[in-house]
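A short write-up of the structure that comes next.
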Amino acid sequence: QVELVESGGGLAQAGGSLRLSCSASEQDFYRMGWFRQAPGKSREFVAAIVWQSEDTSYADSVKGRCTISRDSAKGTVNLQMDSLKPEDTAVYYCAAQKSYYSHISGVWGFWGQGTQVTVSS
């Protein structure tokens, strides 16, 4: 059973920073990423990174404010969030794609339980 565990959420003030981390029980994923879901809204893509190449992609709403990275030694994927805004408030989920074929199919087969991020104005 593959397990993804998020950590690092919490409360921050607007303009502040938070760093989320996702630990995976295995490290054989093609691509890992972060999604978020705000109250009353659908889950949305935030950022992703290809494990081998470290190619990254970002949602327009976080581009320039967030940086996704991976630590192969620790088997973690991190999301550094700076210049936080109240609209960043959401539950943030770590997700993973097992293969390139999952990627081109848009299937994220593995999900964490989520970590709450709250940004106060």
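No experiment lies behind these values; they were computed from the predicted model shown. This chain uses plain numbering: 1 for the first residue, then up along the sequence.
Residues Asn78 and Ser21 have side chains that bring a donor and an acceptor to within less than 3.5 angstrom of each other.
Nearest heavy-atom pair, Ala14 versus Pro86, reported as atom, atom and distance to 0.1 Å: CB-CD, 4.1 Å. Among all heavy-atom pairs drawn from Tyr58 and Phe45, the shortest one is C-CE2, 3.9 Å. Taking every heavy atom of both residues into account, Trp108 and Ala48 meet most closely at CH2-CB, 3.9 Å. For Cys22 against Trp34, the heavy-atom pair with the smallest separation is CB-CZ2, 3.6 Å. Summarising the geometry of Arg36 relative to Asp88, their closest heavy-atom pair is NH1-OD1, 2.9 Å, with the distance given to 0.1 Å. Of all heavy-atom pairs spanning Gln116 and Ala90, the tightest one is NE2-O, 3.4 Å.
Salt-bridge formation is detected for the pair Asp60/Lys63: a Lys NZ or Arg NE/NH1/NH2 atom is positioned less than 4.0 Å from an Asp or Glu carboxylate oxygen.
One distance of note links CZ of Phe110 with CG of Leu4; it measures 8.0 Å at 0.5 Å rounding. Rounded to the nearest 0.5 Å, atoms OG (Ser121) and CD (Glu87) are 10.0 Å apart. Taking CZ of Arg19 as the start and CG of Asp82 as the end, the distance is 10.0 Å to the nearest 0.5 Å.
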Test log, rule side-chain contact (heavy atoms from CB on, under 4.5 Å), inputs Gln80 and Ser17 | CA-CA 7 Å; Gln80 176 68 37; Ser17 299; 3.8 Å; yes
Derivation and outcome, ring pair (Phe, Tyr, Trp, His ring centres under 6.0 Å), residues Tyr93 and Phe35 = CA-CA 5 Å; Tyr93 297 90; Phe35 288 72; 8.7 Å; no
Test Tyr92 against Glu6 for side-chain contact (heavy atoms from CB on, under 4.5 Å), laying out the working first.
-> CA-CA 8 Å; Tyr92 283 70; Glu6 303 95 338; over 6 Å; no
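The closest side-chain heavy-atom distance from Cys94 to Met32 is below 4.5 Å. Within the 4.5 Å cutoff, the side chain of Ser61 has no heavy atoms near those of the Lys85 side chain. Using a 4.5 Å cut-off on side-chain heavy atoms (C-beta onward), Thr115 and Val91 make no contact.
Each of Leu79, Val46, Leu84, Ile68 was evaluated against Val62; a single residue qualifies, Val46, per the side chain to side chain contact (heavy atoms under 4.5 Å, CB included) test. For the side chain to side chain contact (heavy atoms under 4.5 Å, CB included) criterion with Arg31, the lone passing option out of Gln52, Lys98, His103 is His103.
Environment of CD in Glu44: crowded, with over 12 heavy atoms of neighbouring residues, nucleotides or ligands closer than 6.0 Å. More than 12 heavy atoms of other residues, nucleotides or ligands shown are found within 6.0 angstrom of CD on Glu54.
Ser105 places no side-chain N or O within donor-acceptor distance of the main-chain N or O of Val107, the cut-off being under 3.5 Å. Without hydrogens or angle criteria, Arg65 side chain to Ser83 main chain gives a donor-acceptor distance under 3.5 Å. Judged by distance alone, the side chain of Gln97 and the main-chain N or O of Gly109 form no donor-acceptor pair under 3.5 Å. Looking at Thr89, its side chain never comes within 3.5 Å of a backbone N or O of Thr118 through a donor-acceptor pair.
By the criterion of side-chain heavy atoms lying less than 4.5 angstrom apart, applied directly or through intervening Ile, Leu, Val, Met, Phe, Trp or Tyr residues, Ile104 is not grouped with Phe29; the two fall into different hydrophobic clusters. At a threshold of 4.5 Å between side-chain heavy atoms, the hydrophobic network of Ile, Leu, Val, Met, Phe, Trp and Tyr places Leu11 and Leu18 in two separate groups.
Cation-pi geometry between Arg43 and Trp111 is satisfied (NZ or CZ under 6.0 Å from the ring centre, within 45° of the ring normal).
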